[in-house]
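For reference, the structure is listed below as structure tokens.
Note on naming: letters A, B, ... go to the chains in the order of the sequence lines (proteins, then strands), and numbering restarts at 1 for each one. These numbers come from a predicted model, not from an experiment.
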Amino acid sequence: MKYASVIVDVPAMQTDRAFDYKVPEEWQKLVKPGMRVIVPFGPRKVQGFIIQLKDHSDYKRLKSITELVDLTPCLTNELLQLGQWLTETTLCFKISAFQAMLPAAMKAKYEKVLGLLTNDVGVLPESIRPFFEKRHHVDLKEIQDVVPLSEIQKEMNKGHLEMIYQVKQKTNRKTIKVIKCSESFSKLTKMLAEIPANAKKQIEIVEYFIKNKISEIPLHVLLSETGTSDASVKSLITKGFLFEEMKEVYRDPYEDRHFEKTLPLALNKEQKDAIDPIIHSIKENHHDVFLMYGVTGSGKTEVYLQSIEEVLKVGKEAIVLVPEISLTPQMVHRFKGRFGSKVAVLHSGLSTGEKYDEWRKIHRKEVQLVVGARSAIFAPFENLGMVIIDEEHESSYKQEENPRYHARDVAIYRAKLHNCPVVLGSATPTLESFARSKKGVYKLLTLKERVNKREMPKVEIIDMREELRSGNRSMFSRSLLDKLTDRLQKGEQSVLLLNKRGYSSFVMCRDCGYVNGCPHCDISLTYHRRGQQLKCHYCGYEEVMPSRCPECNSEHIRFFGTGTQKVEEELVKVLPEARVIRMDVDTTGKKGAHEKLLTKFGQKQADILLGTQMIAKGLDFPDVTLVGVLTADTMLNLPDFRASEKTFQLLTQVSGRAGRHELPGEVVIQTYTPEHYSIELASQYDYDAFYLQEMHLRKSHDYPPYFYIVLLTISHPDITKVISVTEEIAIFLRRNLGNETRILGPVASPIPRIKDRYRYQCMVKYKREKNLHETLQKILEHYQQEMSSNDLMISIDLSPNTLM
DNA sequence: AGCACGCCGACT
DNA sequence: GTCGGCGTGCTC
């Protein structure tokens, strides 16, 4: 007899352990750890993952596995182990760890159906009867709004009805009908004579098969190619010429795209020096973490591509992480162009089904390379030869919900197991990574030269206070305007970046200073021109823009701050002849809208690309010779110890967008704090100086990389409850952690209320703390009950990206 | 998380 | 006396 330990799909502390089940005789030989199963759990059925098989269980009253969902395990042994590690390092539930590793399509869906147990519908009360007149099964959803649950329960007790718990899959495999020939072509040719002469279409179809030597074709293709209808096909099937079959297909998002095959480029000296140690690691099966610090345009991607080639040569697989890849179709092109069908692509722009299909290509070993966003780090490769993380500094590699993992940490963990290298690439590495490379923990590879030998574009910093003093009240400095005009005349393109993070357009009364805030969150509402609406970006609350101040009834209520829409309007006023493409959440909402806008810009159908952060990444257009940053310092005032670092990164990245090709580029940075070191040093492309200065600051304030931090955020609808719990937690932390560890708080969160829940936080700063995980675990256990019954929430982030 | 069980208040 | 409120505890 075999027994299976199963982690069930019930994310709660009390169920966060394995439950044992009997494996029915017929599956004894089939079951393997890592498979999904459906098991009875209490009165219902749930999905779960087998984490272990054993010959013995201590538990007496075991139930049996109801169903095997997978025929081959969807989690490899390595991923099972990785799940355990994730649980421990991020303090998440085991089930959440496993689910994070798989595409959303593989998460189960639960439905309840009422089944009729009696042959006489007449015994049912009038309210329920109509539902069962024609059917024996009715979705509970359908009936529960009309009939009170108690009534249904009564019938169940009487034995008239039963509750059936169903576990369904979210997405099914996509199948299409294909038509095949029943006979050989020569036989078909002879058989043609049997078709009546008036059945022209049927003859046409059979001839199509013979002429094109096709023995199998999807039905819809056959119909459109031959211009026939399925009636003719049907009759050919009954006559025995053809037969139909269901065939599983992949939903390929890049189906209709052609990728030009590219060949490896010759590497320059710096690139060779960088790739040699990587190749050495690959060949020697050695685990190393490389930090490839290369200025924008220094040809990092080519180094990636050629190292991957080495990985594939030795028969291994590679993972490439890119930040939110849908933004950089150019990147997909480069990988698909070099490696063709060996590549799977995983990113948020794909539908659930498409992601599932890409994942299955990996699972079935049909691809050796995956290019994707954060979660692609869990690709079920078993022979991993390298992980590349491009734009290593990007904050999107950290998941901001449970499990709060950082893809970089997962990459290093996996690479250690596989004895293979990790390559972190960036023009602006995180301080953490650069510090590690200085200590020799990571190996530093430096690319200082741009491949085209072009100088980095010249950067001009404009002091907007100065502009204001000399009477320029517009959002464009005179210099920026001059340069835009100049580009327009020369037929060159410009990119304008509106750095909006933490600064959006809010509505304020000029008379009394009243600001429209969200009634559920302590945050001001954001003005949206579409429909003159005010929206809360945290809870989705909406209201119509008032014409008078709700407080003092004044009519002088206006929106402040600068949205892309407003910039666009101004731009049209000052440069009426310019063709502008605006990219922001409003214009890129629809799937593929992004790419369309970028393609349009690439084809020079516009002169100026105006957008938010999203345009800073990876764009590469030959005719862009001017980059303007409208307000460089909006981020600097956020309560975030990484604010300077992020500003520096953004400015450096965006400057790299100009003059990447033949034409020299120029950058204009507008700011109200030109003296800030992150702005000044970004304009000089002086990462090293920035690193030193910022490290100095981090050191004096006990921030990473000198200290690790943990952020505990406690929330509850009742503010006194939040404060008292946070205080208790702070006291507990102080009592249990070492005296070199600093505990800050309780303080109100930077956003003190979201969705009617008050938020307080506590910060732990530590260097070495062996009791940390244990102590945090104890806190979670202690408040477990209140968290499930009393609306209390405690979230713990063991290495927060921001403190918001 | 669900769901059952169980123990107290307001109704037939 | 019963229906139904939600606190408590269990799920292999």
Side-chain angles (χ1 to χ4, degrees), chain A residues 1-25 27-28 31 33 35-69 80 87 91-100 104 106-115 125 127-128 139-141 143-144 147-159 161-168 170 401-403 716-718 721 780-795:
Chain A
M1 195 56 156
K2 261 191 198 168
Y3 302 94
S5 289
V6 175
I7 301 293
V8 292
D9 181 14
V10 182
M13 192 158 280
Q14 286 160 297
T15 50
D16 188 34
R17 62 192 173 88
F19 289 84
D20 289 352
Y21 288 88
K22 284 192 275 197
V23 179
E25 194 57 45
W27 295 328
Q28 298 262 331
V31 281
M35 283 181 170
R36 286 174 300 162
V37 287
I38 291 167
V39 292
F41 196 65
R44 60 208 166 113
K45 285 187 187 117
V46 295
Q47 191 170 78
F49 294 90
I50 300 180
I51 53 161
Q52 204 195 129
L53 291 170
K54 45 194 191 181
D55 304 318
H56 163 86
S57 171
D58 292 330
Y59 196 80
K60 298 284 179 305
R61 296 178 304 280
L62 290 175
K63 292 181 182 174
S64 286
I65 290 173
T66 313
E67 207 178 306
L68 291 186
V69 183
L80 284 171
T87 321
L91 298 177
C92 71
F93 302 129
K94 294 178 180 65
I95 189 69
S96 316
F98 292 140
Q99 271 162 357
M106 293 171 77
K107 213 180 148 191
K109 214 168 55 177
Y110 299 98
E111 273 167 24
K112 280 175 276 185
V113 173
L114 278 180
S127 57
I128 299 177
D139 277 358
L140 184 66
K141 272 199 209 118
I143 199 167
Q144 69 184 357
V147 184
L149 221 58
S150 57
E151 193 122 349
I152 295 167
Q153 225 145 29
K154 254 186 242 164
E155 295 310 303
M156 285 166 60
N157 292 339
K158 283 187 206 161
L161 296 177
E162 64 172 337
M163 187 77 86
I164 303 165
Y165 295 90
Q166 288 185 334
V167 183
K168 289 191 173 169
K170 270 202 174 140
E401 63 209 52
N402 272 330
H716 192 275
D718 178 2
K721 180 72 193 167
L780 289 177
E781 275 163 28
H782 182 259
Y783 290 101
Q784 185 203 132
Q785 264 172 346
E786 288 198 70
M787 278 158 69
S788 60
S789 65
N790 193 17
D791 222 359
L792 181 71
M793 283 208 304
I794 300 176
S795 94

Exercise for the section: Using modelled atom types only, decide if a donor and an acceptor are shared between the side chain of A:R36 and the backbone of A:A108 within a distance under 3.5 Å. Expected result: no
Practice task
Could you tell me whether the side chain of A:Y3 and the main chain of A:D58 form a donor-acceptor pair under 3.5 Å?
Solution key: no
Problem - Side-chain donor or acceptor of A:Y165 paired with backbone N/O of A:Y110 under 3.5 Å - result: no
Handout entry: Separation of atom CZ in A:R17 from atom C1' in C:dT11, rounded to whole Å
Key = 8 Å
Handout entry: Nearest-Å distance for atom pair CG/P, residues A:L149 and C:dC6
Key = 14 Å
Listing, residues 48-55 of chain A side-chain donor-acceptor contacts under 3.5 Å, not counting sequence neighbours, or none:
residue: A:K54; atom: NZ; partner: A:S5; partner atom: OG; Å: 3.2
residue: A:K54; atom: NZ; partner: A:D20; partner atom: OD1; Å: 3.3
residue: A:K54; atom: NZ; partner: A:D20; partner atom: OD2; Å: 3.0

Exercise for the section: Using a strict 4.0 Å threshold on nitrogen-to-oxygen distance, state whether A:K721 and A:E786 make a salt bridge. Expected result: yes
Fill in the blank from the handout: Here the distance between atom C1' of B:dA1 and atom NZ of A:K107, to the nearest Å, is 11 Å
Handout entry: A:K158 bridged to A:E155 by N-O distance under 4.0 Å
Key = yes
Practice task
Would you check if A:F41 stacks with the base of C:dT11, given a 5.5 Å centroid limit and a 30° plane limit, both strict?
Solution key: yes
Problem - Side-chain heavy atoms of A:Q784 within contact of A:Q14, under 4.5 Å - result: yes
Problem - Interatomic distance, A:F19 CZ vs C:dC12 C1' [rounded to whole Å] - result: 7 Å
Problem - Separation of atom CD1 in A:I51 from atom P in C:dC12, rounded to whole Å - result: 16 Å
Exercise for the section: Specify the separation, in whole Å, of atom CD1 of A:I95 and atom C1' of C:dC12. Expected result: 15 Å
Handout entry: Neighbour count above 12 (heavy atom, 6.0 Å) for A:Q785 CD
Key = no
Exercise for the section: Please work out if A:Y21 contacts a base, only the sugar-phosphate, or nothing of the nucleic acid, heavy-atom cut-off 4.0 Å. Expected result: sugar-phosphate
Exercise for the section: Could you tell me whether a side-chain N or O of A:K2 sits under 3.5 Å from a main-chain N or O of A:V23, the two making a donor and an acceptor? Expected result: no
Fill in the blank from the handout: A:Q785 atom CD is separated from C:dC10 atom P, nearest whole Å, by 11 Å
Problem - Within residues 58-68 of chain A: residues closer than 4.0 Å to DNA chain C (heavy atoms) - result: A:Y59, A:R61, A:L62, A:K63
Fill in the blank from the handout: Expected string for nucleotides 2-12 of chain B under the B/S/- scheme (protein heavy atoms, under 4.0 Å, primed atoms plus P, OP1, OP2 as sugar-phosphate) is SS---------
Completion exercise
Rounded to whole Å, CD1 of A:I50 lies from C1' of C:dC12 at a distance of 13 Å
